[in-house]
Undergrad: 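Okay, handing you the structure first.
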Amino acid sequence: MGRPVFPCSLAEFQARFASDAACRHYLAACRWPDGFCCPACGDAGSYLLATRDLLQCRACRRQTSVTAGTALDRTRLPLPLWFAAGYLVTTHPPGFSALQLQRQLGLLARYETAWTMLQKLRRVMVRPERDRLSGTVELDETYVGGVEEGRRGGRQRDSKKVILAGAVEVRGRGRGSGRIRLAVIPDLSAATFARFAEEAIMPGSAVLTDGWPSFRGLSGSYQHRPTVIGDPKNAAKQLPRVHRAFANLKTWLLGTHHGVGAKHLPHYVDEFVFRFNRRRTPMAAFQSLLGLTSQHTPTTDQMLYAAEPTG
Ligand SMILES: [Zn+2]
């Protein structure tokens, strides 16, 4: 028994996850794809349903929670509500604001509830990705915020601007992109780019950049292939994937969130990367979001309410 197939429309999704029991069944099937196995005694496949949330081992009687370790741990909200929220956040390309989520779900009387759900789901998205890019990778940097001019030129940099480094895998012969990594960086030095590349790209990969001197340090760990671009207007032609990623990010920040301050920008950047890298695998995104793919400490309500609402 493998992992269940992911519904491909909202209607199909809601029909399938209409009850707590259906959601619980899915959670159990994801967590124990080969059938339930008791963590205490190792007894496989035999259990009783003790309560709405607990499986009880027939052999040793130990009880195991279906939601422990997931984003739904100890929730008081109905599971179908969580599932619908996870589906919307995963499949709606520009991402959701708390107000949009409240309206879409209809059942949430309080804005605060929608906000809390969204924050819990976002906790997963804002953890930086760990797998490094490989193959051939485009690498460049951009400014976010302030006015969009003055790329590296002698012009003064707006102090509100933030520098963002980006790397995108080259896929196929056309302009196809694989996975991406984006990170806020403090400056344009060789040491900074070396550190970004080390965290984002597997050693030995081919790295395509423009002719900026700070990229020269990459030749130690990578097959560095710089291209002198000359006029900055040609940069988007020479490195189309990373420039498209920058443009999409900026559109998303302005369109959905009406601009984001420097303080919160890293979280939004990580959410963008999470969504982009799973754009063709909504089931993987949904399961990551609910905490079904990796064990991590669940976010408690206290942790969330201690945080400051960001919209
Ligand atoms: Zn047992």
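Not measured: the values here are computed from a predicted model.
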Undergrad: Are T113 and T116 linked by a side-chain donor-acceptor pair shorter than 3.5 Å?
TA: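 The answer is no; no qualifying pair exists.
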Undergrad: Is the terminal nitrogen or CZ of R278 (NZ for Lys, CZ for Arg) located under 6.0 angstrom from the six-membered ring centre of F274 and within 45° of that ring's axis?
TA: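 Yes - R278 lies over the ring of F274, closer than 6.0 Å to its centre and within 45° of its axis.
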Undergrad: Do you know which two heavy atoms are closest between D210 and L239, and how far apart they sit?
TA: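 Smallest heavy-atom distance, with atoms named: N-CD1, 3.8 Å.
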Undergrad: How are the rings of F83 and F13 set to each other: parallel, tilted or perpendicular (split at 30° and 60°)?
TA: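 The rings of F83 and F13 sit tilted, inter-plane angle from 30° to 60°.
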Undergrad: So, R181 side chain and V273 main chain: donor-acceptor pair closer than 3.5 Å or not?
TA: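 Between the backbone of V273 and the side chain of R181 there is no qualifying donor-acceptor contact (under 3.5 Å).
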Undergrad: Run through E141, R216, H224 and flag the one making a side-chain hydrogen bond (donor to acceptor under 3.5 Å, both in side chains) with T209.
TA: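 That would be H224.
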Undergrad: Testing the 3.5 Å rule here: is there a donor-acceptor pair between the side chains of E198 and Y222?
TA: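 Result is no, nothing qualifies.
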Undergrad: Pick from D270, L164, V144: which one makes a side chain to side chain contact (heavy atoms under 4.5 Å, CB included) with V184?
TA: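 When side chain to side chain contact (heavy atoms under 4.5 Å, CB included) is applied between V184 and each of D270, L164, V144, only L164 qualifies.
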Undergrad: Do the ring centers of F17 and Y87 come within less than 6.0 Å of each other?
TA: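 No, ring centres 6.0 Å or more apart.
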Undergrad: R31 side chain to V66 main-chain N or O, any donor-acceptor pair under 3.5 Å?
TA: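 The answer is yes, because a donor-acceptor pair under 3.5 Å joins these two groups.
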Undergrad: Return yes if a side-chain donor-acceptor contact under 3.5 Å exists between T75 and K120, otherwise no.
TA: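 No, no side-chain donor-acceptor contact under 3.5 Å.
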Undergrad: Picking from E169, R171, R241, R244, what satisfies side-chain hydrogen bond (donor to acceptor under 3.5 Å, both in side chains) with S177?
TA: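 Testing S177 for a side-chain hydrogen bond (donor to acceptor under 3.5 Å, both in side chains) against E169, R171, R241, R244 leaves exactly one candidate, R244.
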Undergrad: Is M202 linked to V242 within one hydrophobic cluster, defined over Ile, Leu, Val, Met, Phe, Trp and Tyr using a side-chain heavy-atom separation of less than 4.5 Å?
TA: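 Each belongs to a different hydrophobic cluster.
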